[in-house]
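A short worksheet on the structure shown next.
The analysis underlying the following values was restricted to heavy atoms, covering all of them including side chains, and did not include hydrogens, waters or symmetry mates. When a residue number appears, it is its place in the shown sequence, counting from 1.
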Amino acid sequence: MLKSLLLNASLLIAIGTLFNLLYGLRKKSKTLFYVIVGIVFGVSAIAGMNIPYHYAPGIIYDGRSIILIVAGLFGGPVSAAIAVLVASVYRISLGGPGVIAGVTTILGTALTGLLVRRYYNNNPLNFTITVLFVAGLLGHVVMLASQLLIIPIPSGWNIVKQIWLPVMTIFPVATVLLGLILLNEEKRSYSENLLSREREKLKLITDNVTDVVWLTDLNFKPTFISPSVTNLLGFSVEEYLKLKAEDLYPPETLNRIIKWLAEEFEEDNKPGADKSRSRIYEIQQFRKDGSLIELSVNVRFLRNEYGEPVGLIGVSRDITEKKKNERVKELLYDVSRISAAEIGLAEFASHIHREIKKILKADNFYIALYDKETDLYKFIYHKDKYDDYEVNKPISLKGGLTDYVRQNAKAGLISSSEDKKLIENGTVNLVGHETVIWMGAPIINSANGEVIGVIALQDYEAENAYTEDDLRTLEIIASQLGLFLERVKILEELKIAKDKAELSDRLKTEFMAQMSHEIRTPINIITGSMQLIKEELPESKNSEIEELFDSINIAAARIIRTIDMILNYSELQTDSYEANFKIIDLEEILKKKLLGEFRIAAQSKGINLKYECNAKNTKIRGDEYSVHQIFANLVDNAIKYTHDGEVKITVTETENKIKVEVSDTGIGMSEEFMKKLFDPFTQEETGYTRLYDGNGLGLALVQKYCQLNKAVIDVKSKKGEGSVFSVLLNKAE
């Protein structure tokens, strides 16, 4: 019996595999499908009944119960009914005492399958192995129960006792095996239908969008491409699907893609990786004509039912114009920036060429400047495939496209056909090698509006190498070039003017130094001779003669002092003054030297000359001569412009500074004059009617000497109330 049952189960499994062929009919006609499936289930049940286990004459057991359970589960009411009818007719035709029990088994098992199907909403996709096993178990419980109820006791009971164990062990398992075969086919059919619907949706979308939708395997071999590829790349769908990755991408791009893919696999293997993630990359891809297109690609893994990557799915969008516009902006910004740099004209032109080549076909590029006086051009930069002109050599381009653009003061984008028309009607002549397309823009001097040259590109191969947008870009570059040329010209003029001014200032300084020497020498001779004459005169010389000698000495001293100031100032102006920095004590200069020098002058005017030191440390690091001159000039001025009252020198200190103030109660200064107080040769009162002598160099020297010693000078003054000069010096370290 066991052998017979196993043969039935094996046969049923083998027959179940044949049902896969029937699922193709469901796409054409569901009704026909269910009818044929019912017939197949019925015939399969008949086949099972032909390999029976004969318990007694007319009483047989076989695999029909499995077939009919599965017929109810997967075929539904129509298929189950047909299978029951076919199987029942055959069982009745076999006859015997077990006919009623056999037909009951057929009906009961089919009904069991239908009830389980109904419980799971008539959807076999909801079945699991457990559901199939339970359905097989229930169906065969129904079969054994029918034997007990219909076959008379004790025959029915004896039959059940003999077969229940193998039936309940083998037949449910066989039901599961046959059910799994059909369940897998249901899932495959469902997936195909779902995929077919998705493909229809995808086709509807891809047929009506400009972006390109594509699928590739993991080696980037195309497996699907939307029809929009023709507009984007020029390939037909059939042509594109035959291409390899090397045909689609430049080597650099392909290497980047391989690197990205490796990174994505690494990311995919991380715990918790987002399996639905996508990435956006910018790449270059070949068009059919061999040119490159810039694409933004949104891509993600295409996965199988286990979530494993099996390919790539992506959407490509043309961003060529966008990227070009970005590069144009970068180019214009760069040209604007570099035009303000301190570089030569040739370097600037070369830089423009390098930058233009990033966005345009610019192997053939030149800049020609026009000389109005000679009616000739000279190339400040020239690169060309065929023509070779010497840079900066005057040349006639009369009648050519360059001259045409200059004369019209208007940019031009001229194809070979347009060029021929211009030549035929005598507007232009052919100068140089004939091009396929030429583009030029005038370089204009904004100061007078004149065209001073032309910047041009030309291509010998592709008539669509340039567009109107490219022409507008070239116009902007030409305007920047015009500004650069103007700036270069202005800088050259400024340099010439600066050189002239420096020469003039140097000559003036040298003249002052020479004249100072030439004046000082004879004055010293005069004063020395006068002293000898005075000594030779008798002691009885009258007071008038004494006054004459005094006047001569005062005048000579005034001239010498003026000469000294001029010489000192000229030394500072020509950087020929040699400073000697050392540690010096301000109190030595202020108290011991200056007070002695100016005490008589102050007393002669009835002025009090005071000194007050509130600093413990009065040592600084400086040049002793210039420091002395700072305060000598300040004290001299204070006494000169004070008629009554006092002149006071005050010394104070902070942590690292020493402050010296020279204050007076003199005539003070106006706010207007204080603005130019330290300018050389400046006095508040000028002309022959001024009340005070001097040359206006004193305070200019003071400021220069302060700068030399890294000191800061400040002044406060009010007309009629006096002045306070403050000098802040650094303490010696």
- Message: As a test of understanding, state which of Ile225, Val212, Thr230 forms a side chain to side chain contact (heavy atoms under 4.5 Å, CB included) with Tyr240.
- Response: Ile225

- With Thr223 as partner, the option from Leu215, Leu241, Leu312 fulfilling side chain to side chain contact (heavy atoms under 4.5 Å, CB included) is Leu215

Any side-chain heavy-atom pair of [X] and [Y] under 4.5 Å:
X	Y	value
Arg472	Ile476	no
Ile356	Ile477	yes
Ile352	Glu355	no
Lys420	Glu434	yes
Arg303	Lys275	yes
Leu376	Tyr370	no
Leu132	Leu180	yes
Tyr119	Val131	no

- Query: Run the salt bridge (charged side-chain N to carboxylate O under 4.0 Å, His left out) check on Glu390 and Lys378 step by step: do they pass?
  - Reply: CA-CA 8 Å; Glu390 187 176 340; Lys378 67 175 180 179; over 6 Å; no

Is it true that [Y] and [X] share a donor-acceptor pair across their side chains at a distance under 3.5 Å?
X	Y	result
Asp384	Tyr389	no
Arg406	Thr402	no
Ser416	Asp419	no
Lys657	Asn730	yes
Asn425	Thr427	yes

Sub-3.5 Å donor-acceptor pair from the side chain of [X] to the main-chain atoms of [Y], do we have one?
X	Y	answer
Gln407	Tyr404	no
Ser226	Val213	yes
Asp371	Glu373	yes
Ser415	Ile437	no
Arg277	Glu264	yes
Lys361	Ala462	no
Ser228	Asp211	yes

- Task: Please report the shortest heavy-atom distance between Leu295 and Leu232, naming the atom on each side.
- Result: CD2-CD2, 3.9 Å

With a 6.0 Å cut-off (strictly less than), is the heavy-atom count around [atom1] of [X], excluding the residue itself, greater than 12?
X	atom1	result
Leu292	CG	yes
Arg300	CZ	no
Asp274	CG	yes
Arg256	CZ	yes
Lys410	NZ	no

[X] and [Y]: aromatic ring centres closer than 6.0 Å?
X	Y	value
Phe127	Phe74	yes
Phe286	Tyr249	no
Phe224	Trp214	no
Phe301	Phe265	yes

How far does [atom1] of [X] sit from [atom2] of [Y], to the nearest 0.5 angstrom?
X	Y	atom1	atom2	answer
Met439	Gln458	CE	CD	11.0 Å
Ile395	Thr374	CD1	OG1	12.0 Å
Cys706	Leu708	SG	CG	9.5 Å
Leu430	Ile423	CG	CD1	5.0 Å
Asp318	Leu233	CG	CG	8.5 Å
Asn448	Ile452	CG	CD1	8.5 Å

- Item | Verdict with reasoning, Glu294 to Lys322, per salt bridge (charged side-chain N to carboxylate O under 4.0 Å, His left out) | CA-CA 9 Å; Glu294 300 271 358; Lys322 175 187 172 186; over 6 Å; no

N-O pairing of [X] and [Y] below 4.0 Å:
X	Y	result
Lys244	Asp247	no
Asp363	Lys383	no
Glu461	Lys385	yes
Glu418	Lys421	no

- Task: Would you please test Asp470 and Thr467 for side-chain hydrogen bond (donor to acceptor under 3.5 Å, both in side chains) and show each step?
- Result: CA-CA 5 Å; Asp470 298 333; Thr467 65; 3.2 Å; yes

- Query: What do the steps show when you test Asp403 against Tyr377 for side chain to side chain contact (heavy atoms under 4.5 Å, CB included), and what is the final call?
  - Reply: CA-CA 9 Å; Asp403 201 43; Tyr377 292 83; 2.5 Å; yes

- Query: What do the steps show when you test Asn298 against Tyr281 for side-chain hydrogen bond (donor to acceptor under 3.5 Å, both in side chains), and what is the final call?
  - Reply: CA-CA 7 Å; Asn298 190 324; Tyr281 300 110; over 6 Å; no

- Message: If we check ring pair (Phe, Tyr, Trp, His ring centres under 6.0 Å) with Tyr381, which of these qualifies: Tyr366, Phe365, Phe348?
- Response: Phe365

- Chi angles and distances behind the side chain to side chain contact (heavy atoms under 4.5 Å, CB included) call for Asp375, Lys398: CA-CA 8 Å; Asp375 196 25; Lys398 197 169 184 65; 3.4 Å; yes

- Message: Using side chain to side chain contact (heavy atoms under 4.5 Å, CB included), reason through Asn364 and Leu457 one step at a time and then give a plain yes or no.
- Response: CA-CA 6 Å; Asn364 311 296; Leu457 292 91; over 6 Å; no

- Task: Check step by step if side chain to side chain contact (heavy atoms under 4.5 Å, CB included) holds for Thr253 and Ile257.
- Result: CA-CA 6 Å; Thr253 299; Ile257 292 173; 3.9 Å; yes

